[in-house]
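Below: the structure, in structure tokens.
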Amino acid sequence: MNPVLPVSPRPPLQPAPVSADDKLREAAKELEATFLSEMLKSAGLGELSETFGGGPGEEQFASFLRLEQARAMVDAGGIGLAETLFEAMKERADGAV
């Protein structure tokens with residue numbers, strides 16, 4: 001039998017540093033996703049159907065589904081609102097320094 005040797009612990013992985021631009025871009029993307037989610041709600045996405053209504057649970061979680069669908073839309077390119085918001089926030093942040 002071969003003896004089992006102890007494994008030396010690896011140092012924990014350090015996350016990559018997040019720049020101010022990355023934070024602004026993520027905030028802009030989240031704002032666009034929230035906007036799109038509200039537009040999807042206004043368009044009737046997630047409304048309960050009369051024949052297959054899932055009850056109160058479906059009502060409560062429909063907003064989560066809409067938000068995730070909106071985030072997927074933003075990740076796929078969205079409507080360009082995130083980039084406009086990012087540029088405006090970056091300009092304001094650069095002017096404040």
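Computed from a prediction, not measured in an experiment: that's the story for all the values here.
- Sorted by first and then second residue, the ring-ring contact (aromatic ring centres under 6.0 Å, His included) pairs involving residues 9-32 (not counting sequence neighbours) form an empty list.
- A distance of 12.5 Å separates CG in Asp94 from CZ in Arg92, rounded to the nearest 0.5 Å.
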Residues Glu30, Arg71; criterion side-chain contact (heavy atoms from CB on, under 4.5 Å); working and verdict: CA-CA 7 Å; Glu30 191 61 26; Arg71 286 179 178 148; 2.7 Å; yes
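- Residue pairs satisfying the ring-ring contact (aromatic ring centres under 6.0 Å, His included) criterion with at least one member in residues 60-79, sequence neighbours excluded, are listed as follows: Phe61-Phe64.
- Under the 4.0 Å criterion applied to side-chain N and carboxylate O atoms, Glu32 and Lys29 are not assigned as salt-bridge partners.
- Within the model, atoms CD of Glu83 and CD of Glu87 stand 5.0 Å from one another, a figure rounded to the nearest 0.5 Å.
- A 4.5 Å side-chain heavy-atom check between Val18 and Glu26 finds every atom pair outside the cut-off.
- Leu85 and Val74 fall within a single hydrophobic cluster, where Ile, Leu, Val, Met, Phe, Trp and Tyr are joined by side-chain heavy atoms under 4.5 Å apart, directly or via other members.
- Every salt bridge (Lys or Arg N to Asp or Glu O under 4.0 Å) that Lys90 has, sequence neighbours left out, goes to Asp21.
- The distance from atom NZ of Lys41 to atom CG of Leu67, rounded to the nearest 0.5 Å, is 12.0 Å.
- Here Glu38 does not pair with Arg66 in a salt bridge; the nearest charged N to carboxylate O distance is not below 4.0 Å.
- Residues Ala28 and Ala82 come closest through the heavy atom pair CB-O, 3.3 Å.
- Listed here is the closest heavy atom pair of Ser37 and Ser63: OG-O, 4.5 Å.
- Side-chain contact check for Leu81 versus Leu31: every heavy-atom pair is 4.5 Å or farther apart.
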